[in-house]
Undergrad: 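Sharing a structure here in structure tokens format.
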2 protein chains.
Amino acid sequence: MARKRFDDSNCSVARALNQVGDWWSLLIVLHAMYGTRRFVDFQQELGIAKNILCDRLARLVDNGVLKRVEVGEHGSRFEYRLTEKGRDLFPVVIALRQWGDKWNPSPDEAPLDLRDRVTGQSIQPVQVQNAEGEPVTVRDVFVSKEPMPGSKKDSA
Amino acid sequence: MARKRFDDSNCSVARALNQVGDWWSLLIVLHAMYGTRRFVDFQQELGIAKNILCDRLARLVDNGVLKRVEVGEHGSRFEYRLTEKGRDLFPVVIALRQWGDKWNPSPDEAPLDLRDRVTGQSIQPVQVQNAEGEPVTVRDVFVSKEPMPGSKKDSA
DNA sequence: TTAATCTGGTTTTAATATGCAACTCTATTA
DNA sequence: TAATAGAGTTGCATATTAAAACCAGATTAA
């Protein structure tokens, strides 16, 4: 049977997964962040079948994560570039990468090191922070359904 | 043909997606973070088919994201609880949720508000930070393959 | 103590999705 | 003009998914 879709779920995680929650999409976004733009480059770097790549690129373009740009110099050549929405997946991808590095380290290779372009220093682990900037875990938070009118101290 | 697997990819994102990169796994983890532990509760909250839920729970247990705990009071009842590895997906899930809230807001519902249990304040957006704690985007970083011997200033 | 129910699963079946290879079409290059 | 590259599309065999039926051990209900 068909895969279930979550477009109209009222859970934003479900809706997000609907757009980038399959095996390939986030990898495509990742490579786009690393600089890949061309169909053939995605195909070779990822080892993905061309029809699947077509489908995923089209879906990502439909969802506004990528945009398809005609690089017209020579005719019908295209580039797929991240939109702001796509670039905004950066924390997701990095959090996932750090989780993978921590819990499923590659046996033979050192993890890639991401560094600040100006300082050359490694970036920090992505963490969830409270209003004071202190890291919090899942145990430190609760879910409030209220739209947060004025940030009360009590639990409402 | 079979889905392609990334167990032995030297990309940690690919390996991470191999464990939690399907449509359901992260949603299961999300609900586990919200407190769900029982098979039937997952099934009803997610609207997932039982065979798929079985498969995903087993895979998450195999991968060390969940652990299966026998709650023996009455016999064969089980709970699925997050391990530390599973809880460590918190930044990933939250980043994804915030991305979804920002770019695919629910037409009718206000996004859930996550708050610090002690202060009652909303948590901050997840962001990637450089060594100084300043937020960086994908454009502010570069990838270094070196294992970072002494944090040189030049691009190596 | 027999029947109904809950829980956590497995099996069956049909619909989809995936991966591969082959093919198309346009534009460049030899 | 032929060959090649980029970006797809199509056909087919196989895997995966979803829904629903079925199963088996415990619990409750009568």
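Nothing here was measured: the structure is a model prediction, and the numbers come from that model. Chain letters run A, B, ... following the sequence lines, proteins first and then strands; every chain starts at 1.
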Undergrad: A/D41 or A/K4: which one's nearest nucleotide on DNA chain D is closer to the 5' end?
TA: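 That would be A/D41.
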Undergrad: Measure from the side-chain heavy atoms of A/R56 and tell me the nearest of C/dA17, C/dG8, D/dA20.
TA: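 So the side chain of A/R56 is nearest to C/dA17.
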Undergrad: How many Å lie between NZ on B/K50 and P on D/dC23, as a whole number?
TA: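 Going from NZ in B/K50 over to P in D/dC23 covers 13 Å.
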Undergrad: Check for a donor-acceptor pair, side chain of A/R97 on one end and backbone N or O of A/L112 on the other, with a separation under 3.5 Å.
TA: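 Yes, A/R97 side chain to A/L112 backbone: donor-acceptor pair under 3.5 Å.
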Undergrad: Rounded to the Å, how far apart are A/Q43 CD and C/dG19 P?
TA: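 The distance from CD of A/Q43 to P of C/dG19 comes to 12 Å, rounded to the nearest Å.
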Undergrad: Using the side-chain heavy atoms of B/R77, tell me which of these nucleotides is nearest: D/dG25, D/dG8, D/dT17.
TA: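 Closest nucleotide to the B/R77 side chain: D/dG25.
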Undergrad: Between D/dG25 atom C1' and B/F39 atom CZ, what is the distance in whole Å?
TA: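 Value for this atom pair: 15 Å.
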Undergrad: When you look at CZ of A/R5, are more than 12 heavy atoms from neighbouring residues, nucleotides or ligands closer to it than 6.0 Å?
TA: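 Yes, the 6.0 Å shell around CZ holds more than 12 heavy atoms from other groups.
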Undergrad: Could you give the CZ-to-P distance, from B/R59 to D/dA15, as a whole number of Å?
TA: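 Atom-to-atom, B/R59 to D/dA15, this comes out as 15 Å.
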Undergrad: Among C/dT18, D/dG8, D/dT17, find the nucleotide with the atom closest to the side chain of B/R3.
TA: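 Of the options given, the side chain of B/R3 lies nearest C/dT18.
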Undergrad: Any base atoms under 4.0 Å from A/W24, or only sugar-phosphate, or nothing? Heavy atoms, all strands.
TA: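 Contact class for A/W24: sugar-phosphate only.
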Undergrad: Measure CG/B/L57 against P/C/dG8 and give the value in whole Å, please.
TA: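 So the CG-P distance, B/L57 to C/dG8, works out to 10 Å.
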Undergrad: Please state how far atom OH in B/Y80 lies from atom P in C/dT7, giving the value in whole angstrom units.
TA: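 These atoms are roughly 13 Å apart.
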Undergrad: Can we say A/D88 and B/K102 salt-bridge, meaning some charged N sits less than 4.0 Å from an Asp/Glu carboxylate O?
TA: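 So A/D88 pairs with B/K102 through a salt bridge.
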Undergrad: Within this structure, what is the CG-to-C1' distance between A/L53 and D/dA7, rounded to whole angstrom?
TA: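 That distance rounds to 9 Å.
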Undergrad: Would you name the heavy atoms of B/G86 and B/V29 that are closest together and state the gap between them?
TA: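 Scanning both residues, the minimum pair turns out to be O-CG1, 4.3 Å.
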Undergrad: May I ask you to verify if any side-chain N or O of B/R38 is less than 4.0 angstrom from the OP1 or OP2 atom of C/dG8?
TA: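 Looking at the OP1 and OP2 atoms of C/dG8, one of them is under 4.0 Å from a side-chain N or O of B/R38.
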Undergrad: Any side-chain donor-acceptor pair under 3.5 Å between A/D113 and A/S122?
TA: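 Short answer, yes.
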Undergrad: Starting at atom CD1 of B/I48, determine the distance to atom P of D/dA20, rounded to an integer number of angstrom.
TA: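 Those two atoms, CD1 and P, are 15 Å apart.
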Undergrad: Given D/dT17, D/dG8, C/dT10, which nucleotide is nearest the side-chain atoms of B/I52?
TA: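 Taking heavy atoms from C-beta onward, the closest nucleotide is D/dT17.
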Undergrad: Need one value for B/F42: base, sugar-phosphate or nothing, where a base atom within 4.0 Å counts as base even if backbone is also close, heavy atoms only.
TA: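 The residue B/F42 makes no contact with any strand.
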